[in-house]
Student: 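The structure that follows is given in the form of C-alpha cells.
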Amino acid sequence: MHDQWSFQTKLIHNKHKVDPTTGAVSVAIQQASTFHQQTLDESPEFDYSRSGNPTRKALEEAIAELEGGVRGFAFASGMAAISTAFLLLSSGDHVLVTEDVYGGTYRIVADVLSRFGIEYTFVDMTDLDAVKANIRPNTKVIYIETPSNPLLKVTDIRAIVQLAKENGCLTFVDNTFMTPALQRPLDLGADIVLHSATKFLAGHSDCLAGLAVVKDEKLGEELYKLQNAFGAVLGPHDCWLVLRGLKTLHVRLDQSVKTASQLAEFLKKHPAIKKVYYPGLHDHPGSDIHLRQSVNGGAVLSFELEDEKAVKILADHVQLPVFAVSLGAVESILSYPAKMSHAAMPKEERIKRGITDGLLRLSVGLENFEDLKNDLESGLSTVLAYQ
Ligand SMILES: *Cc1c(COP(=O)(O)O)cnc(C)c1O
C-alpha cells in the first residue's frame with residue numbers, strides 16, 4: 001500500500017499507525033497467550049499466540065511492506081529466524097553457504113543440520129565460478145550475506161539469484177547489515193530475506209529479535225507452518241520494541257552512514273592503520289557491485305592495526321564506543337573478531353580469511369562525528385607512541 005510514499009515515510013505511516021479500537025497512536029502490546037472464542041463454529045483470527053498475536057502481526061506486516069514482500073515473520077532472535085528458514089530443507093538436500101557467514105549460522109549448518117542429513121558446502125560467494133562449480137543436483141538453497149562480517153566482502157545478489165534460478169534453488173539473504181532502508185534483496189530476485197532485528201532494525205541494544213520476509217505466498221504458507229510448528233516466536237513486548245525502533249530507522253542510518261563514511265576516510269589516512277574495509281570506499285574490491293545493489297556503504301566498517309598489542313592499547317584508550325559483540329545500535333560498538341565472533345575458528349583458518357589479530361570492527365552509532373574522530377585519534381596516537 002501507499003506505493004507513492006518513500007521508505008522514510010512508510011516507516012511512520014503503515015496501516016498500524018493508529019489503533020482502530022482506541023485511536024492510540026502506538027500499536028497495543030497484546031500481552032495474551034490465548035483468545036476467547038465467541039462461537040464454536042467460527043475459527044477466529046487469533047486463537048493462541050504461538051500461531052498469531054496482534055502485536056506480532058503488526059510487526060510482521062510492517063517488515064513485509066518495507067522489504068517489498070507479501071509476508072513477514074517475527075522470531076525470538078535472528079538465529080531463530082534463520083534456523084526456522086532452514087527447516088524448509090529435508091534430509092538429502094544440500095545447501096551452499098557463503099564462507100564468511102555469521103558464526104551462529106555456521107554452527108546451525110555445520111553442527112546441527114548436518115546431523116539431520118542436510119549436506120553443506122561453504123564457498124567464497126564473491127567468486128561466481130566457485131559458486132557454480134559447487135552447485136549439486138540436490139542443492140536447494142544458496143545462502144548469502146552481503147556485505148559480510150567482518151571484512152565487508154560483497155556478493156552480487158543478482159548474479160547469485162540467476163545461478164540459483166537456473167539450478168532450481170532458493171536464495172536466502174541475510175540482510176542484517178544493510179536493512180531494507182539500504183538494500184532490498186527481494187526486489188533483486190531473492191526468495192527469503194532474513195534479519196537479526198536485534199541490530200539496526202530494533203537499534204537500541206535492548207532486545208533480541210529475528211525477522212523473515214518472503215515475496216511468494218506459497219513459500220509464505222510453508223514458512224508460517226514452520227514458525228508455528230517450531231514455535232520460536234517473538235513475544236509481544238519485543239515486537240513492540242522492534243516496531244518502535246523501525247520508526248527511526250531512516251534517520252538513524254542516515255546519521256550513522258554519514259559518520260561511518262567520514263570515519264572510513266579518516267582512518268584510511270591514519271599511520272597506525274594498515275587497512276580499512278568499508279564498501280562505501282571506492283578502493284574496496286566490492287564497492288562497484290555493492291553500490292549497484294545498495295544505497296550506500298552502510299554503518300559498519302573494519303580496520304586493521306599492526307597487531308594484538310595495538311588493538312589492546314586502542315580498546316583500553318577509547319571512551320566512546322562500547323567494546324562488545326553486536327552492531328547496529330545508537331551507541332558505537334567496537335568489536336574484536338579474533339576474540340569475539342571468530343574465537344572458535346582455528347587461528348590458521350582465521351588468518352587465511354584475513355581476520356588477523358589486528359582487525360577491529362566498528363559499528364557506527366549516533367555520536368557526533370568530531371567526538372568519535374577525536375576519541376579514535378587520541379587512542380591511535382597512543383598506539384603509535386608504543387610502536
Ligand atoms: C547478530 C547476527 C545474526 C544472529 O542474530 P541474533 O539476533 O543474535 O540471533 C545473524 N546474522 C548476522 C549478520 C548478525 O549480525
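Counting from 1, the numbers follow the sequence of the chain as shown. For ligands, and for the atoms within them, numbers begin at 1 and follow the listed sequence. Reckoned from all heavy atoms, side chains included, excluding hydrogens, waters and symmetry mates.
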Student: For atom 7 (O) of ligand 1, find the nearest protein heavy atom and state the residue, atom name and distance (0.1 Å precision).
Tutor: T198 OG1, 2.7 Å
Student: Scan side-chain atoms only and decide if T84 and Q227 contain a donor-acceptor pair under the 3.5 Å cut-off.
Tutor: no
Student: Which of the atoms of ligand 1 are close to G78, meaning less than 4.0 Å from one of its heavy atoms?
Tutor: 5 (O), 6 (P), 7 (O), 9 (O)
Student: For S205 and E331, which I'm curious about, is there any donor-acceptor pair between the side chains at under 3.5 Å?
Tutor: yes
Student: Does the N or O separation between L208 and ligand 1 drop below 3.5 Å for any pair?
Tutor: no
Student: Can you find a side-chain donor-acceptor pair between N175 and Q183 that sits under 3.5 Å?
Tutor: yes
Student: Cut-off 3.5 Å, side chains only: do N138 and E119 have a donor facing an acceptor?
Tutor: yes
Student: Non-hydrogen atoms of D174 versus ligand 1: any pair closer than 4.0 Å?
Tutor: yes
Student: With heavy atoms of E145 as the reference, note each atom of ligand 1 found under 4.0 Å away.
Tutor: 13 (C)
Student: What's the shortest distance from atom 4 (C) of ligand 1 to any protein heavy atom, and which residue and atom give it?
Tutor: Y102 CE2, 3.3 Å
Student: Tell me: protein heavy atom nearest atom 9 (O) of ligand 1, and distance?
Tutor: M79 N, 2.8 Å
Student: With only distance considered, is T105 within less than 3.5 Å of ligand 1 through an N or O on each side?
Tutor: no
Student: Using a 3.5 Å cut-off and no angle test, enumerate the donor-acceptor pairs between side-chain atoms of residues 31-42 and protein atoms at least two apart in sequence or in another chain.
Tutor:
unit_1: T34; atom_1: OG1; unit_2: D47; atom_2: O; d: 3.3
unit_1: T39; atom_1: OG1; unit_2: D41; atom_2: N; d: 3.3
unit_1: T39; atom_1: OG1; unit_2: E42; atom_2: N; d: 3.2

Student: Which residue and atom name correspond to the protein heavy atom nearest atom 14 (C) of ligand 1, and how close is it?
Tutor: K199 NZ, 3.0 Å
Student: Could you tell me if any non-hydrogen atom of I82 lies under 4.0 Å from any atom of ligand 1?
Tutor: yes
Student: Taking side chain to side chain donor-acceptor pair (under 3.5 Å) as the criterion, tell me which of E304, R350, E306, K274 meets it with T356.
Tutor: E304
Student: Between H94 and T139, do the side chains contain an N or O donor and an N or O acceptor separated by less than 3.5 Å?
Tutor: yes
Student: Would you say T98 and D100 are linked by a side-chain donor-acceptor pair, where the criterion is simply a distance under 3.5 Å?
Tutor: yes
Student: Answer yes or no for L327: is there a heavy-atom contact with ligand 1 below 4.0 Å?
Tutor: yes
